[in-house]
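Structure first, commentary second.
Just so you know, ligand 1 is whichever comes first in the structure, and atom 1 is the first atom listed for that ligand. Nothing fancy with the numbering, it's 1 onward along the sequence.
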Amino acid sequence: MDGSRTRPPLRIRIVGGSLGGLFAAALLRRDGHDVRIYERSAGGLDGRGAGLVSQRELFALLRAVECEHVARIGVVAFERIFLDRDGGVAERHETPQTQISWDTLYRAIRGKVTDDEYRLGRSVRAASQGAHGARLLFEDGGAEDADLVIGADGLGSVVREAVTGVPSPNSYAGYVAWRGLIAEEDLPPEAAILRDRFAFHMAPRSQALGYLVPGPGGEIAAGSRRYNWVWYRPVPTAALPATLTDGDGRFHPHSLGPGQVPAPVVATLKADARRLLPPPFAAVATAAAQPFVQAIFDYEAPVMAAGHIALLGDAAVVVRPHTAMGVAKAAGDALALRRHLAEAPTVTDALALYSHDRCAAGSAIAAYGRRLGASLE
Ligand SMILES: Cc1cc2nc3c(=O)[nH]c(=O)nc-3n(C[C@H](O)[C@H](O)[C@H](O)COP(=O)(O)OP(=O)(O)OC[C@H]3O[C@@H](n4cnc5c(N)ncnc54)[C@H](O)[C@@H]3O)c2cc1C
């Protein structure tokens, strides 16, 4: 135990087992609390991430759970370049940046909780407040009471409404991110300039960018890494349902994963890339076997906690990916929640302080993301 709490341990139940939920569990169990995560994915999330930029809050969290080594190993982009339409370098900035592996981070923090504390394949339907705690209702008909429920269930959060008291949908920002991951060895020769650099192409209502990330197992040696490219493009609200409908005709509310985008849509994307992007970016976009798409949303909860329920990470505030701060924000939330639970006299006092503290932080990052994406709306 390394917290300063003197109250009896709390029974804490966390909805969502991605990084936000894991950060909270890994910290709070160190203070002696009885924690358990419910994650709806049956197979776990290992192998599904790419890369991320480590930031101050993430370093602090990794120190607190004794996983600092994770942030020391990454892939370095030694400079930023901005390409013009013909593929020439219009601008160059010496701002090196390191991408660490999402999967290595996930595995490291997952290793800080036991199998009993991390329950896969259990989907939560709703959360509700009680007189002295909170209750989770599961899709399988089960229910469980807790002293504290943490909603770390991302942008489709089912816990959100129990905190805000009203339906709290995300608002679509008017554009999507087409993405792809290519094994480094499959990078086409026309894309050689992109290797080891953080590259951008900015055009009216279009932003393309890309960088190397670690391999699927966290590999960082040259030749075993992956190239991650992103192309932000506007999609009118009326056309969004068609963009998020998979090859079997099923609509997905936020994104389509690799292999889910219908073949004719992939063909159109590649034709557009050839027509509109500088040759290096057109080459990576056309080389990608299974591009995927993520719609960009905004959401800021007016409060991040009420009674015995707290929101954390994307469930509380959805920030645009341009910020590269989603993971750091979730780490900051988890650290603040732990601190207030250790210091405040009651759970509800702790949550009130947490909400005040982190709403302001989330709001500032969300505003920064809206500025970065404003030209795409
Ligand atoms: C598979 C995956 C890969 C990612 N890869 C990257 C990356 O490479 N780089 C990067 O910067 N960011 C990545 N992200 C996003 C990043 O991890 C998040 O910004 C950060 O974790 C904060 O989000 P979160 O944990 O609050 O929510 P999310 O990461 O969105 O996680 C929410 C979790 O809750 C679970 N869940 C949702 N509803 C329910 C329910 N009703 N019952 C039970 N469980 C539920 C979901 O399955 C999910 O695991 C990835 C996220 C995921 C899920």
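Taking any N or O of G20, backbone or side chain, at least one lies under 3.5 Å from an N or O belonging to ligand 1. By the 3.5 Å distance cut-off applied to N or O atoms, A50 is counted among the residues near ligand 1. Close N/O approach between G49 and ligand 1 is not found [any backbone or side-chain N/O within under 3.5 Å]. At least one N or O atom of D314, backbone or side chain, sits closer than 3.5 Å to an N or O atom of ligand 1. Geometrically, ligand 1 and G51 share a nitrogen or oxygen pair separated by less than 3.5 Å. The shortest N or O to N or O distance between S41 and ligand 1 is not below 3.5 Å.
Summarising the local packing, CZ of R250 is surrounded by 12 or fewer heavy atoms from other residues, nucleotides or ligands at distances under 6.0 Å.
Contact annotation: the side chain of Y299 never approaches that of S171 to less than 4.5 Å [non-hydrogen atoms, C-beta and beyond].
The ring of Y211 has its center no closer than 6.0 angstrom to the ring center of Y227.
Within the structure, the closest approach of G156 to ligand 1 does not fall below 4.0 Å when heavy atoms are considered. Within the 4.0 Å heavy-atom cutoff, K329 does not count among the residues contacting ligand 1.
Residue contact check: G326 has heavy atoms under 4.0 Å from atoms 19 (O), 22 (C) of ligand 1.
Closest protein heavy atom to atom 6 (C) of ligand 1: W102 CD1, 3.2 Å. Taking atom 41 (N) of ligand 1 as the reference point, the nearest protein heavy-atom neighbour is V124 O, 2.9 Å.
Under a cutoff of 6.0 Å and an axis angle of 45°, R80 and F198 form a cation-pi pair.
A salt bridge does not link R48 to D103: none of the charged nitrogens lies less than 4.0 Å from a carboxylate oxygen.
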Next on the checklist: Under the criterion salt bridge (Lys or Arg N to Asp or Glu O under 4.0 Å), I'd like the reasoning laid out for R160 against D153: C-alpha separation, chi angles, the key distance, then a yes or no.
Outcome noted: CA-CA 9 Å; R160 216 182 247 175; D153 49 345; over 6 Å; no
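Applying salt bridge (charged side-chain N to carboxylate O under 4.0 Å, His left out) to D145 and the options R135, R13, R11 leaves one that passes, R135.
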